[in-house]
Amino acid sequence: MPGRPVRGSSTGKPVMAALDLLGRRGSLRIVWELRDDAILTFRALQAAADLPPGTLNARLAELRAADIVSAEAGYRLTSRGADLVLALAPLLTWSQTWADDLAMED
């Protein structure tokens with residue numbers, strides 16, 4: 001959480017807290033699977049994210065505590081989670097250009 005020490009940052013600056021949370025195994029995959037207003041059950045999320053139940057439980061708890069995922073009638077992104085997906089869009093574009101450029105160099 002922002003303001004508390006996280007992996008790689010003793011200050012807990014918001015960007016470092018976000019990178020720590022999203023860098024944990026399965027976190028980004030969960031967010032990705034819930035994009036576009038998807039609502040998934042635990043079992044469907046487990047299959048889509050290919051995570052063991054314990055890991056999925058831990059990630060969902062962290063994402064819920066961070067107000068990124070909600071558990072109302074299935075798992076879904078909160079408005080903050082939807083904003084995160086929008087914030088990641090430029091990174092998706094950049095990464096595709098990067099991959100295309102590297103492929104052209106081969």
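All values reported here derive from a predicted model rather than from experimental measurement. Side chains are part of it too, since the values below use all heavy atoms of this structure and drop only hydrogens, waters and symmetry mates.
Atoms CG and OG1, from L102 and T97 in turn, are 11.0 Å apart once rounded to the nearest 0.5 Å. Between the OG1 atom of T41 and the OH atom of Y75 there is a distance of 9.0 Å, given to the nearest 0.5 Å.
Listed by first and then second residue, the ring-ring contact (aromatic ring centres under 6.0 Å, His included) pairs involving residues 79-106 are W94-W98 (not counting sequence neighbours). Applying the salt bridge (charged side-chain N to carboxylate O under 4.0 Å, His left out) test to pairs two or more places apart or on separate chains, those with a residue in residues 29-46 are R29-E33. Residue pairs meeting the salt bridge (charged side-chain N to carboxylate O under 4.0 Å, His left out) criterion with at least one partner in residues 75-85, sequence neighbours excluded, are D67-R80.
Under the salt bridge (Lys or Arg N to Asp or Glu O under 4.0 Å) criterion, R64 pairs with no residue, sequence neighbours left out. When the side chain to side chain donor-acceptor pair (under 3.5 Å) test is applied to Q96, the partners found at least two apart in sequence or on another chain are D100.
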For residues 49-61, please give each side-chain donor-acceptor pair under 3.5 Å, one per line with the distance, not counting sequence neighbours.
| unit_1 | atom_1 | unit_2 | atom_2 | d |
| --- | --- | --- | --- | --- |
| R59 | NE | E62 | OE1 | 2.8 |
| R59 | NH1 | R25 | O | 3.3 |
| R59 | NH2 | E62 | OE2 | 3.4 |

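Under the 4.5 Å side-chain heavy-atom criterion for grouping Ile, Leu, Val, Met, Phe, Trp and Tyr, W32 is not connected to V69 through any hydrophobic cluster. Under a hydrophobic clustering in which Ile, Leu, Val, Met, Phe, Trp and Tyr are joined whenever their side-chain heavy atoms come within less than 4.5 Å, directly or via other members, L92 and L22 fall into different clusters. The hydrophobic clustering, which links ILVMFWY residues whose side-chain heavy atoms are closer than 4.5 Å, places M16 and L84 apart. Each of L28 and L19 belongs to its own hydrophobic cluster when Ile, Leu, Val, Met, Phe, Trp and Tyr are linked at side-chain heavy-atom distances under 4.5 angstrom. Hydrophobic cluster membership is shared by V31 and L91, with clusters built from Ile, Leu, Val, Met, Phe, Trp and Tyr side chains linked at under 4.5 angstrom.
Across every non-hydrogen atom of A17 and G12, the tightest pair is CB-O, 4.4 Å. Looking at every heavy atom in both residues, S27 comes nearest to L21 through OG-O, 3.0 Å.
With hydrogens and angles ignored, the 3.5 Å screen pairs a side-chain donor or acceptor of T78 with a backbone N or O of I68. Listed for the R7 side chain is a donor-acceptor partner under 3.5 Å among the backbone atoms of D20.
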